[in-house]
2 protein chains.
Amino acid sequence: MASTYSQADRRSARRARTIEDALDAAEAIMREQGVGGLSMSEVARRLGMRQPSLYKYFSSLHALFDALFARGLARTDAAVTAAIRRRPPGVPRLRAGARALMRWAVENPALAQLLYWRPVPGFEPSAETFAASRDQMATVRTELAAAAGSGQLRAAAATDEALLLYTVVISGVISQQLANEPGASFAAGRFSRLTDEALDMYFARYAPAGGTDADPRP
Amino acid sequence: MASTYSQADRRSARRARTIEDALDAAEAIMREQGVGGLSMSEVARRLGMRQPSLYKYFSSLHALFDALFARGLARTDAAVTAAIRRRPPGVPRLRAGARALMRWAVENPALAQLLYWRPVPGFEPSAETFAASRDQMATVRTELAAAAGSGQLRAAAATDEALLLYTVVISGVISQQLANEPGASFAAGRFSRLTDEALDMYFARYAPAGGTDADPRP
DNA sequence: GTCTATATGTTGATAGAC
DNA sequence: GTCTATCAACATATAGAC
């Protein structure tokens, strides 16, 4: 039975790889032609496959978008997680996470638009995909609470207002950069270069009265 | 000759009205189906007109988008101008203008997406339309300089950084509100309700050291 | 899981009669 | 300026042979 098992294994591995290839192609298409330019036909074309065959992997165009949304979430999660690893809780993690997120968005504009704007009429991420999105928000909330609890920030940082303003600042930088200078790198972009200053502005609002050195910039 | 003149007058007035009707219809379509859902066919359909006839008014789909972009600029300009009228220069105008802009964006999501995001692949506003956009930025720059010159804000407010951060904050609120709660009113939206707090955050960054009462909230 | 064939729909844009 | 007619693409999705 060993050979049967390994054959099935190879089969599913091959299938998984085809799916990844399809998502790669889809990302490229969105990068080149905008999110609205994505189509099953074009993805199939780039895979050297007939369009109906692609339906064996994605049951509809919406399903393809959902897979891309999920991929975007996983990628941002990985980028943020890697960036905050071994950093102390609170402000340092919030700062590093925000920077990582902005860099990722500038370098992956296609997926970023899918995550941060609403470019596809009628498309909403599925329930489970959306749940993952909520988890990310919960992480931010936790770090804000840690910052408030440890005195790095005022108690007001552990509120909904602070959480929402955090997302406002991040999405503001990302939106302006992607809309006005789509091609620029994170280092060169007129808006993405202001990432640290934007975060300074945000954290200053919740800085403790005393003015400690709780928020050292790297 | 009087009757000829007035006939031509009526003709051009009628033409202008048809164009306005077409733009109204286009706005409605974008509101209902997203910016990408706009098509010449659907606009013509709603006007009770055959699709080829619409080409007498707009030479292409891109031309229609450009007219919509220009309309959006004119509308925001009118909203902002009305809001800052009779307000003293500097911070009061910056605050009132930003509020008016955010309110307008929430109430006109279709045009706002066209102005603040980049939802149409391959579409860029024409040179003259884009020039109007630059004019609006120049106005903000002027008010920031006025605020810095009169001591309402620190000298740092008269820099590119301050100008860009101003747009970051505004577009951040707008983007988050439109992407996450598309239907909500300005008063009810979780993000648009934070407009004043977001502006507080911004102006605090450029507040003079002394801490004057130069930034009274309405 | 791949293919061919096909149904069915949409679009942008042009030609030319009236 | 309006219409009919039409072209040429393009799309999503399904049926069914192999």
Euclidean distance, atom [atom1] of residue [X] to atom [atom2] of [N] [Å, nearest integer]:
X       : N      : atom1 : atom2 : result
B:Arg45 : C:dG9  : CZ    : C1'   : 11 Å
B:Leu54 : C:dA13 : CG    : C1'   : 12 Å
B:Tyr55 : C:dT11 : OH    : P     : 11 Å
B:Arg50 : C:dT11 : CZ    : P     : 14 Å

**Asked** For DNA chain C, whose closest nucleotide is more 5', that of A:Tyr57 or that of A:Gln51?
**Response**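 Looking at the nearest nucleotide for each, A:Tyr57 comes out on the 5' side.
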
Is the shortest side-chain N to carboxylate O distance from [X] to [Y] below 4.0 Å?
X        : Y        : value
A:Glu181 : B:Arg118 : no
A:Arg95  : A:Asp200 : yes
A:Glu161 : B:Arg193 : no
A:Glu143 : A:Arg87  : no

**Fill in**
Of A:Glu42 and B:Arg14, the one whose nearest nucleotide on DNA chain D sits closer to the 5' end is B:Arg14

**Message:** I want to confirm an ordering. Mapping A:Ser39 and A:Pro52 to their closest nucleotides on DNA chain D, which one lands closer to the 5' end?
**Reply:**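 Final value for this comparison: A:Ser39.
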
**Item:** Positional range of nucleotides in DNA chain D within the contact set of chain A, heavy-atom, under 4.0 Å
**Value:**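 Answer, 5' to 3': D:dA11 to D:dT14.
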
**Prompt:** In Å, rounded to the nearest 0.5 Å, how long is the span from CG of A:Asn108 to CZ of A:Arg103?
**Reply:** 11.5 Å

**Asked** For the side chain of B:Ser12 and the backbone of B:Asp9, is there at least one donor-acceptor N/O pair under 3.5 Å apart?
**Response**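 Checking the backbone N and O of B:Asp9 against the side chain of B:Ser12, a donor-acceptor pair under 3.5 Å is found.
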
**Request:** Have a look at B:Ser41 and say if it touches a base, only the backbone sugar-phosphate, or nothing, with a 4.0 Å heavy-atom cut-off.
**Result:**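 Sugar-phosphate: the residue B:Ser41, judged by heavy atoms under 4.0 Å, touches backbone atoms but no base.
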
